[in-house]
Structure formats: C-alpha cells, structure tokens
Asker: 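Questions regarding the structure given below will be posed in turn.
Source: prediction; values computed, not measured. In listed order, ligands and their atoms are each counted from 1.
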Amino acid sequence: MDAFLIRGGRRLDGEYRVQNAKNAALPIMAASILTEEKTLLKGCPALSDIRNMGEILKTLGCRVHMDGGDLTIDPQGLSSYEMPDGLAKKLRSSIFMLGPILARFHKATVTFPGGCEIGLRPIDLHLKGLKQLNVSIRNEGGVICCDGHHMQPGNVHFDYPSVGATENIMMAAVLLKGVTTIHNAAREPEIVDLQNFLNRMGAKIAGAGTDTIQIQGVYRLHGVEYTPMADRIVAGTLMAAAAVTSGHIRLTNVPVQDMVAIMAKLEEMGCLITRKQEEIILRAPDRLRAFSQLQTQPHPGFPTDMQAQMMAIATLAKETSVVVENVFENRFAHAGDLNRMGARIILNGRTAVIHGVEGLNGLSVTARDLRGGAALAIAGLAARGETLVEKAEYIDRGYDRLEDALCSLGGDVRRIILP
Ligand code: UD1
C-alpha cells in the first residue's frame, strides 16, 4: 500500500509541465480499435487507469506497447467482442469499449463497470443512446449483451449530457453509413479531443464542444499518430495547491481556454493569474478569500473533478464558502478527513458549507477516491506538521507521480510503502 508523507508549511514556487489528460487518452485508446492499423499515442501519462485500459485492449486481441509516454496500439489481432469482467470492474472507462466493439463486431458483451466510488454511476444513458441507434440490448444476469446487427444512424437524444455516453455514441456511429446527430451532447473539451482524433483517422464529425454533434459515417478509418490534450484537472490541482500555500508557480502545457471556470474561482479567492497561450502564472495572496458559491455542472460549468481540491483550499480561506455537488451524489468523502485535520465543513446532502479556519493539523488520512485523495494531499501541504495520505493508489489513477510534481514546485512530499 502506497502513501504520501507530506511535510506541510512550504510555499509552492517554481515551474512545472502538466501531463496530458487521462480523460482524453482513455476514450482515444478505445477508439483505436476502430481501424485495423496501428495508432501511436504520444505523451500518454503513466497511470494505472491507462495501464488497465491497455490490458483490456490486450485481452480483446490487440498488441499494446508503452515506451515512455509513447503508447502503440496494434488492433490487427482484435478477435473478441467480450469485455473481460475483472478488468472492467477495475475501470469505469471500460464502458468506452462498447461503442467501438459494436462498430467492429456488431455485437458486444460487457458487465457493469467499476471505478471510484463517487456515486451510483449507472450506464443507462449509454444503453439508451445505443438503443436509439437500433442496437438491441439484453441483461443476462448482470452481463449486458448488445446486438448491433441492425444498427442504423439517426438521432440520439440524451436526457442528461453524459461525457462517456456522448463519446460512446460518437464511436459507435462513426462507421455507420449515413448521418447520426447527438442532441444534448456533453460539451467537455475531452470530447473535442476525441473528435479531433477520430477526424485525423478519417472520420467526418463536427460539433463537439457544442450540444449537437453530427457524425457523417465513413467506410473505414486509418491509423494515426496523436497527442492527447493537456490535463485541465491536473493543472487545476497544482494551481489549488499553490493557492493554499501562498505560492507563485508557472505551469506549461495548460489548456487555458478550457479552464475558465476554475480560474474564475481561484481569482475570486484572491489569486492573480496571468494567462498565455498554453501557460499560466499564478500568484496567491497571503490568505485566500472564501468563494460565495461553487456549483459543479457539466462543462462549461465548474468541473466536478475539481470540487474536492477547491473544498480543501476553502477550509483555510477567510470566511465561509459553499459548495454544491450537482454531478455525482457521493463526492464528499474527503470532508470527514479534512474535518479531522481541523477544518469546519458541514455537509447537508449535496451541499457543503465550509467555515474557513486559521490552520489545519497534519495527521494520518485516507484517500477514498482519486480527486478526494488529491484534495487531502493539498490540505497536507498547508497543514502544520506531517500528513500521511494513505491509499495513494487512488491518486495514481489520475496523476502521473503527483509527489514529483509537488516536489519540483518546492513541496515536501515523499511516497512511502506501508506494510
Ligand atoms: C467523465 C470523467 C470523470 C468526470 C465526469 C463528469 C472520464 C474518463 N471520466 O466520467 O472524470 O467526473 O465525466 O465530468 O472522462 N450517469 C447516469 N447514467 C449514465 C451515465 C452517467 O446516470 O449512463 C450520471 C452519472 O452517474 C453522473 C453523471 O451522469 O452522476 C455524469 O456522468 P458522466 O458525464 O457520464 O461521467 P463519466 O463519463 O462517467
């Protein structure tokens, strides 16, 4: 079991290049089976979620090779339409395979996917979307059997703009003859990145980044070399860490245009942010101000994946902040440990009221999900004494050695192996 040992009280100061986005790379990895040719993904972050997705591709018959940040996927040997049960349970993003497998085999079987315990995370929207493409779906004792022999392009309307379901339908429809239109699509930047990747492979997709996406089916796709977009959540996490330590940092490889909501909140708290094309400089005040209200929403609203980190820094702000989590129903698991460190957070359903305190005390805490774990590490940086964040494996799902990023910015963070 890995843990982070953090000695708090050091001001972050320095420069760091942000990794590329896991949430862009994962659907792109799934999309790589839409061709029989090799795909080379450059600058892939070394994360357990990426490795698990690679294992899923291997089980389906692909050859997958990671060399530094270069990930090669050769789908020539693709032979199975059955998602491996154990791996699918480890990784929520395994559900992305459904669309591409259907596109290639016209049939697919999957079990319900796993992932971080941040809510129920059902897949009904994915399945409803596929049904609108005329896929017939049966649930046989927890195994979902999809028959896509009569798949047709057409209109797909989502009751809610799910990121994963939007991406799944884009991939399911890309090889269907005719036009598919997704209505009420999610607008996240990673969906634009998937569109860019697919179009580079020869697809004809337009509209990603808006709520209507049009997919003009093509006969075949070809292999490409592609670099997934930079990670807006990792950039935001490091900015939050700098903000709460009165830091002054420069980040490069930042998707600045996609981070308006995050930057606006940090500015509301008193940070000065200078933006350049793919770079930001953040200068934090001696003490942060509270924000009046932070509501998580689908993009371009405030991202749920930054909620925990913002709550961590609000614990030390002047006055009271309010957070409303609208996207996932169970995403306050970090609040208990923050309170044990001395924070004053009151939870009521999806709302958290955070009364700012003068200081936090380091102690032993436990990551319970990816972003909540990062939030505890941030709190540790600002706390008095030492903080031990156990179950760092959760953090490793989305951050390529967060301890190295924080150390190179002047933090004192060590990874230790617990018995
Ligand atoms: C993606 C991101 C995740 C982020 C989330 C919201 C990836 C790999 N993951 O997850 O980091 O937190 O977007 O920005 O890109 N829902 C249903 N039925 C469904 C699908 C979703 O009810 O079939 C619900 C979910 O339980 C959740 C909400 O819709 O409450 C949003 O989920 P969704 O947008 O699908 O998120 P993911 O694609 O799982």
Side-chain angles (χ1 to χ4, degrees), residues 20-31 44-45 47-50 52-53 56 88 90-99 110 112-132 137 139 144 156-172 182 184-194 197 208 211 228-229 231-234 236-237 258-259 261-262 295-310 324-333 350 369-375 394-395 397-399:
N20 292 329
K22 147 183 111 75
N23 285 356
L26 289 170
I28 287 175
M29 287 175 76
C44 262
L47 304 172
S48 50
D49 275 10
I50 300 278
N52 282 332
M53 194 63 157
I56 289 176
K90 273 195 192 165
L91 182 68
R92 160 97 186 159
S93 303
S94 56
I95 193 67
F96 292 138
M97 296 305 307
L98 196 51
V110 285
F112 279 96
C116 283
E117 295 299 327
I118 55 176
L120 290 170
R121 302 189 93 171
I123 56 168
D124 57 313
L125 297 168
H126 297 250
L127 301 182
K128 261 172 108 173
L130 290 171
K131 280 184 191 156
Q132 292 174 76
I137 297 170
N139 183 344
I144 302 156
V156 173
H157 180 273
F158 286 123
D159 297 319
Y160 178 88
S162 152
V163 177
T166 301
E167 293 171 332
N168 231 336
I169 297 302
M170 284 165 75
M171 296 188 278
I182 307 177
N184 199 23
R187 291 181 282 171
E188 269 64 5
E190 292 75 17
I191 296 172
V192 181
D193 210 41
L194 177 64
F197 173 74
D211 62 5
M229 66 177 287
D231 198 314
R232 60 197 169 105
I233 304 302
V234 171
T237 302
D258 301 321
M259 295 186 60
I262 297 171
Q295 294 247 7
T296 67
Q297 273 159 359
H299 193 77
F302 193 92
T304 172
D305 285 354
M306 270 302 296
Q307 176 263 107
Q309 302 89 313
M310 295 303 286
V324 184
E325 173 57 62
N326 295 305
V327 180
F328 289 104
E329 65 282 4
N330 188 18
R331 216 173 188 180
F332 287 148
R350 287 173 177 260
D369 60 64
L370 161 56
R371 307 301 171 187
Y394 276 115
I395 302 175
R397 296 183 71 147
Y399 298 87

Asker: Hey, is Q307 one of the residues with a heavy atom under 4.0 angstrom from ligand 1?
Answerer: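 Q307 does not count as a contact of ligand 1 under the 4.0 Å cut-off.
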Asker: Mark yes or no for whether R350, through its side chain, and E325, through its backbone, hold a donor-acceptor pair below 3.5 Å.
Answerer: yes
Asker: So, regarding P122 and ligand 1 (criterion: nitrogen or oxygen to nitrogen or oxygen, under 3.5 Å), is there a contact or not?
Answerer: yes
Asker: Counting from 1, what ligand 1 atoms have a heavy atom of N23 closer than 4.0 Å?
Answerer: 2 (C), 3 (C), 7 (C), 8 (C), 9 (N), 11 (O), 15 (O)
Asker: If I take atom NE2 from residue H126 and atom CG from residue L98, how far apart are they, to the nearest 0.5 angstrom?
Answerer: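 So the NE2 of H126 and the CG of L98 are separated by 8.5 Å.
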Asker: Could you list the residues that satisfy salt bridge (Lys or Arg N to Asp or Glu O under 4.0 Å) with D231, not counting sequence neighbours?
Answerer: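 Scan of D231 (salt bridge (Lys or Arg N to Asp or Glu O under 4.0 Å), adjacent residues dropped) gives none.
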Asker: Do V163 and E190 have side-chain heavy atoms sitting under 4.5 Å apart?
Answerer: no
Asker: Can you list the atoms of ligand 1 that are under 4.0 Å from a heavy atom of R331?
Answerer: 12 (O)
Asker: When only distance counts, is V163 in polar contact with ligand 1, meaning an N/O pair under 3.5 Å?
Answerer: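 Between V163 and ligand 1 (N or O atoms, distance only) the closest approach is under 3.5 Å.
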Asker: Roughly how far, to the nearest 0.5 Å, is the CG atom of D159 from the NZ atom of K128?
Answerer: 3.5 Å
Asker: Report the part of E325 (side chain from C-beta onward, or backbone N, CA, C, O) that has a heavy atom under 4.0 Å from ligand 1; answer both or neither where that applies.
Answerer: neither
Asker: Which salt bridge (Lys or Arg N to Asp or Glu O under 4.0 Å) pairs, counting each pair once, include a residue from residues 162-172, with sequence neighbours left out?
Answerer: none
Asker: Pull out every atom of ligand 1 sitting under 4.0 Å from any heavy atom of T304, numbered as shown with elements.
Answerer: 6 (C), 12 (O), 14 (O)
Asker: Have a look at ligand 1 and work out which part of S93, if any, has a heavy atom under 4.0 Å from it: side chain, backbone, both or neither.
Answerer: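 The answer is the side chain.
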Asker: What is the distance from atom OG1 of T304 to atom CD of Q297, rounded to the nearest 0.5 Å?
Answerer: 11.0 Å
Asker: Looking only at distances, please establish whether an N/O atom of ligand 1 is found under 3.5 Å from an N/O atom of Y160.
Answerer: no
Asker: What atoms in ligand 1 come closer than 4.0 Å to a heavy atom of G164?
Answerer: 35 (O), 38 (O)
Asker: Have a look at D193 and tell me which of N20, I28, D258 forms a side chain to side chain contact (heavy atoms under 4.5 Å, CB included) with it.
Answerer: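 Looking at N20, I28, D258, the match for D193 under the side chain to side chain contact (heavy atoms under 4.5 Å, CB included) is I28.
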Asker: Is it the side chain, the backbone, both or neither of H299 that has a heavy atom closer than 4.0 Å to ligand 1?
Answerer: neither
Asker: If we only consider heavy atoms of R92, is any one of them less than 4.0 Å away from an atom in ligand 1?
Answerer: yes
Asker: Where on L127 is there a heavy atom closer than 4.0 Å to ligand 1, on the side chain, on the backbone, on both, or on neither?
Answerer: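 For L127, there is no contact with ligand 1 at all, from either part.
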Asker: Which bit of D305 is near ligand 1, meaning a heavy atom under 4.0 Å away: side chain, backbone, both or neither?
Answerer: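 For D305, the contact with ligand 1 is made by the side chain alone.
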